[in-house]
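Take a look at the following structure, please.
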Number of protein chains: 2
Amino acid sequence: MTDIEKTLENKGVRPTAMRILIYKYLAEKEVAIALTDMENAFSKADRTTLYRTLKTFEEKRIVHQIDDGTNISKYALCEPGCNCEMEQDLHLHFHCDNCDETVCLTEHKIPHINLPDGYVAENANLVIKGICDKCSGQ
Amino acid sequence: MTDIEKTLENKGVRPTAMRILIYKYLAEKEVAIALTDMENAFSKADRTTLYRTLKTFEEKRIVHQIDDGTNISKYALCEPGCNCEMEQDLHLHFHCDNCDETVCLTEHKIPHINLPDGYVAENANLVIKGICDKCSGQ
DNA sequence: TGTTTCATGCAACGGAAGTGCAATTATTGC
DNA sequence: GCAATAATTGCACTTCCGTTGCATGAAACA
């Protein structure tokens with residue numbers, strides 16, 4: 001039983017062949033992945049399977065969904081021990097307008113914001129747009 | 001010539017009847033408006049006209065686009081004198097998970113973030129999700 | 001082994017964004 | 001005012017993404 005299988009079981013999802021492949025794919029990518037990206041990477045697999053796998057992973061806190069302002073949902077693996085919903089684990093994301101890739105900046109947490117009376121915060125999403133290190137470096 | 005017509009002309013768009021109506025609609029709403037909302041409000045007008053008007057307004061800095069994580073683009077009037085792209089005018093948005101409305105919190109600016117080397121920030125989007133004052137008050 | 005539960009694949013739907021083109025309206029120059 | 005030009009609006013259509021229903025297949029369980 002591999003590490004990935006253990007991880008999946010610990011999170012409460014059955015480690016099927018497909019899911020292990022998808023997990024591996026997400027693990028080796030350093031950028032957030034859209035459903036379309038997965039379709040291209042797994043041309044044999046069905047769209048729905050990929051979709052539902054991502055949803056399952058999200059539900060079980062294996063990945064977190066990222067909304068980078070492109071109106072396309074993307075996903076990235078959670079850090080070990082991350083509890084996505086907790087304020088201390090909410091990190092910001094960077095979207096490069098040049099290469100169109102989105103990355104997690106996990107070490108940059110979203111600062112706490114004091115809201116007006118009556119507003120109750122439950123989640124937060126901060127996306128910085130600009131040019132990423134790879135694109136600006138050249 | 002009304003104030004709205006002057007505003008539109010100053011921003012470089014011809015103040016047609018349709019555009020004045022749309023501007024008024026946006027002005028009297030306190031929440032961010034999606035294209036679908038406009039369709040319902042202006043059942044006589046064509047979707048494309050509304051769509052393109054919003055795009056024109058956005059281009060001319062009359063409205064700013066808001067991405068609240070619902071994967072539906074919404075729009076709200078810019079504050080007078082606002083230059084949406086400038087860091088000092090980037091305010092945060094609040095999306096209520098109960099009533100599904102999104103509001104600008106213009107007095108709450110997005111805090112400056114120090115990015116890793118090589119990353120160049122050009123824009124930022126911060127959305128807090130939770131329960132708004134109207135929904136939590138009851 | 002038979003039953004149940006879960007995962008996968010196929011087909012289709014619906015919503016939203018976007019585009020091409022024709023028709024209409026406004027603006028400009030004469 | 002009138003023709004020529006440019007901008008705006010409306011209609012039809014396409015594309016893309018997210019999502020769901022249903023049938024099949026594989027795994028777990030009794």
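All values derive from a computational prediction rather than experimental measurement.
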Counting just side-chain N and O atoms, does Arg19(A) come under 4.0 Å of either OP1 or OP2 of dA7(C)?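 Arg19(A) to dA7(C) OP1/OP2: side-chain N or O found under 4.0 Å.
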Could you check whether His95(A) and His93(A) have their ring centres less than 6.0 Å apart?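 No, ring centres 6.0 Å or more apart.
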What's the CG-P distance between Leu8(B) and dA7(D), to the nearest Å?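 It works out to 17 Å between those atoms.
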What is the separation between atom NZ on Lys74(B) and atom C1' on dA17(C), rounded to the nearest whole Å?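 That distance rounds to 16 Å.
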Check Glu39(A) with Arg47(A), please: is the shortest side-chain N to carboxylate O separation under 4.0 Å?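 Salt bridge: yes.
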Taking the nucleotide of DNA chain D with the closest heavy atom to each, which residue, Asn71(B) or Asp46(B), is nearer the 5' end?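 Result: Asp46(B).
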Within the structure, does a side-chain N or O atom of Lys55(B) lie under 4.0 Å from either OP1 or OP2 of dA17(C)?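 False: Lys55(B) side-chain N/O out of range (4.0 Å or more) of dA17(C) OP1/OP2.
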Atom-pair distance (CG on Asp67(A); C1' on dA16(C)), nearest Å: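 It works out to 15 Å between those atoms.
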May I ask you to say whether Glu9(A) pairs ionically with Lys6(A), meaning some side-chain N is under 4.0 Å from a carboxylate O?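 No salt bridge links Glu9(A) with Lys6(A).
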Option among Leu92(A), Val127(A), Ile113(A) that satisfies the side-chain contact (heavy atoms from CB on, under 4.5 Å) test with Leu126(B):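 Of Leu92(A), Val127(A), Ile113(A), side-chain contact (heavy atoms from CB on, under 4.5 Å) with Leu126(B) is met by Ile113(A) alone.
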Phe94(A) and Tyr119(B): aromatic ring centres closer than 6.0 Å?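 They qualify: ring centres under 6.0 Å apart.
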Nearest-angstrom distance from the residue atom CG of Leu50(A) to C1' of dT8(C):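 For the pair Leu50(A) CG and dT8(C) C1', the rounded distance is 10 Å.
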Does a side-chain N or O of Thr16(A) approach OP1 or OP2 of dC6(C) to a distance below 4.0 Å, or not?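 It does not, given that no N or O in the side chain of Thr16(A) lies less than 4.0 Å from OP1 or OP2 of dC6(C).
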Select base, sugar-phosphate, or nothing to describe what Thr48(A) touches, counting heavy atoms under 4.0 Å on all strands.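 The answer is base, as Thr48(A) lies within the cut-off (heavy atoms under 4.0 Å) of a base atom.
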Kindly say whether, by distance alone, the side chain of Arg14(B) makes a donor-acceptor pair under 3.5 Å with the base of dA6(D)?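 Side chain to base: no pair present.
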Could you check how far CD of Gln65(B) sits from P of dA16(C), rounded to whole Å?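 That distance rounds to 14 Å.
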Using only side-chain N and O atoms of Tyr51(B), determine if any of them is under 4.0 Å from OP1 or OP2 of dG18(C).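 Looking at the OP1 and OP2 atoms of dG18(C), one of them is under 4.0 Å from a side-chain N or O of Tyr51(B).
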When the distance from CZ of Arg52(B) to P of dA17(C) is rounded to whole Å, what number comes out?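 Computing the Arg52(B):CZ to dA17(C):P distance gives 14 Å.
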Could you state the NZ-P distance from Lys60(B) to dA7(D), rounded to the nearest angstrom?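 Result: 11 Å.
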Length of the line joining Ile33(A):CD1 and dC17(D):P, which is rounded to integer Å: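 For the pair Ile33(A) CD1 and dC17(D) P, the rounded distance is 14 Å.
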